[in-house]
Protein chains: 2
Amino acid sequence: MAHRPRSEMIAETRAKLLAAARQAFGTVGYADASMDDFTAAAGLTRGALYHHFGDKKGLLQAVIAEIDAEMNERLCTISGRAPNRWQGFVDESVAYIEMALEPEIQRIMLRDGPAVLGDPAQWPNANACISSMTRSLARLKADGAVADIDPEAAARLISGASLYAAQWIANSDDPEATSKKAVAAFKAMLEGFLVR
Amino acid sequence: MAHRPRSEMIAETRAKLLAAARQAFGTVGYADASMDDFTAAAGLTRGALYHHFGDKKGLLQAVIAEIDAEMNERLCTISGRAPNRWQGFVDESVAYIEMALEPEIQRIMLRDGPAVLGDPAQWPNANACISSMTRSLARLKADGAVADIDPEAAARLISGASLYAAQWIANSDDPEATSKKAVAAFKAMLEGFLVR
DNA sequence: ATAATTGCATACGGATCGTATGTCAATTAA
DNA sequence: TTAATTGACATACGATCCGTATGCAATTAT
């Protein structure tokens, strides 16, 4: 019980750095987050950061991977408890809009992430959401519920629409009312994918 | 004819700065564009920049306003030469995807712009595209072509979907094939807004 | 003709990032 | 048990970049 604490300490500092960075990125944004500041807030220095994550971009990637895993898990449980596949898919998509309302997700995943790391589709770890949505659509297509369209194409259209809808809602004067309008339009739009 | 050259020179330096910045922002991106570098490339210094645009963000705003005006004009002419309103709207939306394929638009308008200046809907000058799309949808709704949904909500969903579709296409191995899949799915999606 | 304004350049300070180096504790080897 | 080595993290340094403050020269106004 003397050689465990060592590796635990390491994991702990890594976790502390990740949490501090996530907090900073999520509030002031990537560009204005000073590595000196938030490492000091975690009781560490930039030395630890460069040791664990390589550089500032590497740190952002790690933060994104963490958030993406959380998002994916939430979406899976939501779509899992629906009565049928299509309803599960609609629920999942609407939930995606609602998640995109969270400031941290908006800032890190939807704004700074793409700006700093490029197209989200190319991210190594952070396409769990898209790929799970693609699989859902492929199943629905096999079931004969949705029309003959490319599942991945539809998944990307939907996630893009969700993102913009979420930004619109988040910045509106009356988020409640705006959210209702957006979700209504969104559901109508989804029905475009159904067989007629 | 001695007091014209003066104001012409001023407008010319402003234009040169704008063009140089647009070039730099569009290629290396906002964060990695050094003001010293691209002002020097224009035969000027940062002094001129701060005089005309206040700061780096102000310069980005000016570049965005310019690009947005061009985009809006292109979209208007496209939708204008369609046989009917709905077709014009579809053409315009597809054209939006195609414009989002251009690297400069993708980088400046769709990635760095939102990351640096925040929600595009709040931009002072650069919502011409959204608002024109909203007007189109409102007319279509009045004509009885589209269902009872909020025009602005639909416009935002569509532009978001276009953006993501464009990024997907631009980064794919086979842009031609991907584009076909995306546009097909996109047209199906748009039909979700029609009355049934 | 002199004074005031303005377009633009130069000079400076502050902040930040990445690297290179150092140190100390913990693990491993002898 | 002790010596050597690895590795986690801190410190020191240089380079870059932004924003402001200042300076100059040319034009316009008086």
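No hydrogens, no waters, no symmetry mates; every other heavy atom, side chains included, goes into these values. What you are looking at is a predicted structure, and each value in this text was computed from that prediction instead of being measured. Chain naming here is simple, since letters A, B, ... match the order of the sequence lines and numbering starts at 1 in each.
Within 4.0 Å (heavy atoms only), Ala33(A) reaches sugar-phosphate atoms of the nucleic acid but no base atom.
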Show the atom names and distances, to 0.1 Å, of all donor-acceptor pairs under 3.5 Å that link a side chain in residues 183-196 of chain A to residues at least two apart or in another chain.
| residue | atom | partner | partner atom | Å |
| --- | --- | --- | --- | --- |
| Glu191(A) | OE1 | Arg196(B) | NH2 | 3.4 |
| Arg196(A) | NH1 | Gly192(A) | O | 3.3 |
| Arg196(A) | NH2 | Glu191(B) | OE1 | 3.4 |

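Atom CG of Asp55(B) and atom C1' of dC18(D) are 10 Å apart (whole Å). Whole-Å rounding puts the Asp36(B) CG to dA9(C) P distance at 12 Å. Rounded to an integer number of Å, the gap from CG of Asp32(A) to P of dC18(D) is 13 Å. Distance OH (Tyr50(B)) to P (dC12(C)): 18 Å, rounded to an integer number of Å. Atom C1' of nucleotide dA26(C) and atom CD of Glu8(A) are separated by 15 Å, given to the nearest angstrom. As rounded to whole Å, 11 Å separates atom P of dT19(C) from atom CE of Met35(A).
Interatomic distance, Leu75(B) CG to Glu73(B) CD, rounded to the nearest 0.5 Å: 10.5 Å.
Residues that satisfy the side-chain hydrogen bond (donor to acceptor under 3.5 Å, both in side chains) test with Glu12(B), not counting sequence neighbours, are absent from this structure. Applying the side chain to side chain contact (heavy atoms under 4.5 Å, CB included) rule to Ala170(A) yields the partners Leu101(A), Gln106(A); only residues at least two apart in sequence or on another chain are considered. With sequence neighbours left out, Arg22(A) forms a salt bridge (charged side-chain N to carboxylate O under 4.0 Å, His left out) with Glu66(A), Glu70(A), Glu104(A). Applying the side chain to side chain contact (heavy atoms under 4.5 Å, CB included) criterion to Thr134(B), with sequence neighbours excluded, gives Ile130(B), Pro151(B), Glu152(B), Ala155(B).
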Close N or O pairs between protein and nucleotides 8-10 of chain D (under 3.5 Å):
| residue | atom | partner | partner atom | Å |
| --- | --- | --- | --- | --- |
| dA8(D) | OP2 | His51(A) | NE2 | 2.5 |
| dA8(D) | O5' | His51(A) | NE2 | 3.4 |
| dC9(D) | OP1 | Thr13(A) | OG1 | 2.9 |
| dC9(D) | OP2 | Thr13(A) | OG1 | 3.2 |
| dC9(D) | OP2 | His52(A) | NE2 | 2.4 |
| dA10(D) | OP2 | Thr45(A) | N | 3.1 |
| dA10(D) | OP2 | Thr45(A) | OG1 | 2.7 |
| dA10(D) | O5' | Thr45(A) | OG1 | 3.3 |

